[in-house]
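Presented below is the structure to which this report refers.
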Amino acid sequence: MELEIFCKSTLDGEVVDHCFSALFGIGQNADPSYLDWLLKAWGWTLAVACLGLIIAFSLGVFMGTLRTMPSETALNRFLVRLSTTWVELFRNIPILVQVFLWYHVIPAFIPMLKAFPSYLLVSIALGFFTSARIAEQVRAGIQSLPSGQKAAATALGLTTFQSYRYILLPMALRIVIPPLTSESMNLIKNSSVAFAVSVPELTLFAMQAQEETSRGVEIYLAVTLLYALSAFAVNRVMAYIEKRSRVPGFIVANTEAVAH
């Protein structure tokens with residue numbers, strides 16, 4: 001393996017000075033190296049994934065909550081059907097197809113989207129796709145709560161909105177942190193589809209750099225390492241959140257109830 005490949009200039013292929021030391025503010029590269037390109041691509045990957053996660057979490061929690069609304073009024077029944085349609089639509093279309101739809105098709109019907117940069121359209125596609133999966137997890141989390149919690153909220157005089165805001169959602173979101181961890185890690189990996197619309201992220205970097213340098217082993221190993229490092233960082237952050245937000249005795253009590 002020749003790690004020197006990352007210190008070569010992307011312009012003329014010559015080794016640049018201060019390649020690795022420039023990362024720590026020591027020296028400055030006269031020409032951009034493949035290492036510079038790699039780190040910028042990593043930044044684009046994280047940016048697309050983070051924006052997609054914000055969209056996915058916001059819509060997923062909202063749609064998942066709507067799916068559990070009591071069917072007492074015509075409005076509630078409409079909201080349940082709307083959220084169910086949302087989930088079934090976006091989780092049954094391949095993510096790559098959704099990216100192409102947002103990039104090539106939907107702007108033809110919504111002209112304002114033509115002004116959106118490609119990375120934003122990919123983030124929307126990723127967010128909508130992942131929101132359908134998060135919605136199902138939130139729905140399952142709410143429905144797994146003991147029925148007595150909703151009954152207690154009603155007895156206290158809380159409205160449906162207040163019951164969800166103060167009692168049901170806070171508990172359900174704690175329960176679904178493990179599957180949310182998996183979805184967050186998957187979103188980082190799924191961000192690789194952004195290469196299809198020329199977002200300069202890690203996968204596009206790997207393809208182009210390998211063609212220019214013919215050093216696929218080093219290039220793809222570096223990209224694989226950065227994907228794994230990003231996913232592992234998300235895993236550790238979510239594990240910390242789960243530990244800090246855990247309700248003492250709740251999981252154990254439910255586990256014992258299921259076992260019996």
Side-chain angles (χ1 to χ4, degrees), residues 10 32 34 36-64 66-67 78-79 81-139 180 182-213 216 219-220 222-224 226-228 230-231 234:
T10 58
Y34 284 99
D36 297 324
W37 187 6
L38 172 64
L39 295 179
K40 289 179 181 178
W42 190 22
W44 278 109
T45 291
L46 295 178
V48 168
C50 289
L51 183 55
L53 183 60
I54 293 172
I55 296 172
F57 185 78
S58 302
L59 288 174
V61 172
F62 180 67
M63 291 298 174
L66 289 184
R67 293 203 69 186
F78 169 75
L79 293 176
R81 286 194 292 269
L82 175 65
S83 58
T84 301
T85 301
W86 177 281
V87 169
E88 296 303 326
L89 175 65
F90 286 105
R91 76 173 179 175
N92 289 316
I93 301 177
I95 180 58
L96 188 58
V97 174
Q98 293 192 39
V99 168
F100 285 141
L101 287 174
W102 279 98
Y103 191 76
H104 295 292
V105 179
I106 297 179
F109 298 95
I110 308 177
M112 63 176 295
L113 292 179
K114 294 180 180 179
F116 284 25
S118 57
Y119 78 88
L120 183 56
L121 294 175
V122 172
S123 297
I124 294 174
L126 283 169
F128 281 27
F129 174 78
T130 309
S131 72
R133 300 173 62 86
I134 291 178
E136 279 296 271
Q137 293 159 6
V138 171
R139 177 192 63 81
L180 285 180
S182 296
E183 289 304 326
S184 301
M185 296 170 67
N186 284 336
L187 201 148
I188 289 181
K189 294 178 286 186
N190 288 339
S191 68
S192 61
V193 300
F195 86 93
V197 290
S198 300
V199 176
E201 46 74 61
L202 284 173
T203 300
L204 185 62
F205 159 80
M207 296 171 61
Q208 294 182 344
Q210 191 274 336
E211 289 182 1
E212 293 180 10
T213 64
I219 295 295
Y220 280 104
V223 167
T224 299
L226 291 181
Y227 273 122
S230 302
V234 169

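Residue numbers start at 1 and run along the sequence shown.
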Can you name the nearest heavy-atom pair linking [X] to [Y], along with the distance?
X      : Y      : answer
Ser184 : Val234 : CB-CG1, 3.6 Å
Ser83  : Met63  : CB-O, 3.5 Å
Val122 : Val197 : CG2-CG2, 3.3 Å

Return the set of residues passing salt bridge (charged side-chain N to carboxylate O under 4.0 Å, His left out) with Glu212 (not counting sequence neighbours), or none when no residue passes.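 So Glu212 forms no salt bridge (charged side-chain N to carboxylate O under 4.0 Å, His left out) with any residue.
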Can you confirm whether Phe57 is buried at CZ, in the sense that more than 12 heavy atoms of other residues, nucleotides or ligands lie under 6.0 Å from that atom? no
Just jot down the side chain to side chain contact (heavy atoms under 4.5 Å, CB included) partners of [X], sequence neighbours excluded, or say none.
X      : answer
Ile93  : Leu89, Val97, Gln98
Thr213 : Ile5, Tyr34, Arg215, Ile219
Ala196 : Leu96, Phe100
Tyr220 : Ala206, Met207, Gln210

Applying side chain to side chain donor-acceptor pair (under 3.5 Å) as the test, list every pair that has at least one member in residues 88-97; sequence neighbours left out.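 Output for this query lists Glu88-Arg91, Glu88-Asn92.
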Going by the side chain to side chain donor-acceptor pair (under 3.5 Å) test, which pairs reach into residues 117-138, not counting sequence neighbours? Arg67-Glu136, Trp86-Ser131, Arg133-Glu183, Glu136-Arg139, Gln137-Glu183
Can you check ring-ring contact (aromatic ring centres under 6.0 Å, His included) on Phe90 and Phe129, steps first, answer last? CA-CA 5 Å; Phe90 286 105; Phe129 174 78; 9.0 Å; no
Test side chain to side chain contact (heavy atoms under 4.5 Å, CB included) applied to Ser192 and Leu204, Val223, Thr203, Ile95, the passing residue: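 Filter result, single survivor: Thr203.
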Let me confirm one number: the CZ-CG distance from Phe128 to Leu101, rounded to the nearest 0.5 Å. 12.5 Å
What's the separation between atom CZ in Phe116 and atom CG in Leu120, rounded to the nearest 0.5 Å?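 Nearest 0.5 Å value for the CZ-CG distance: 5.5 Å.
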Asn186: what forms a side-chain hydrogen bond (donor to acceptor under 3.5 Å, both in side chains) with it, not counting sequence neighbours?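 If we apply the side-chain hydrogen bond (donor to acceptor under 3.5 Å, both in side chains) test to Asn186, skipping adjacent residues, the hits are Lys189.
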Would you please test Leu113 and Ile110 for side chain to side chain contact (heavy atoms under 4.5 Å, CB included) and show each step? CA-CA 6 Å; Leu113 292 179; Ile110 308 177; 3.9 Å; yes
Solution key, residues 37-56 side-chain donor-acceptor pairs under 3.5 Å, sequence neighbours excluded:
unit_1 : atom_1 : unit_2 : atom_2 : d
Trp42  : NE1    : Ser230 : OG     : 2.8
Thr45  : OG1    : Ala41  : O      : 3.2
Thr45  : OG1    : Leu202 : N      : 3.1

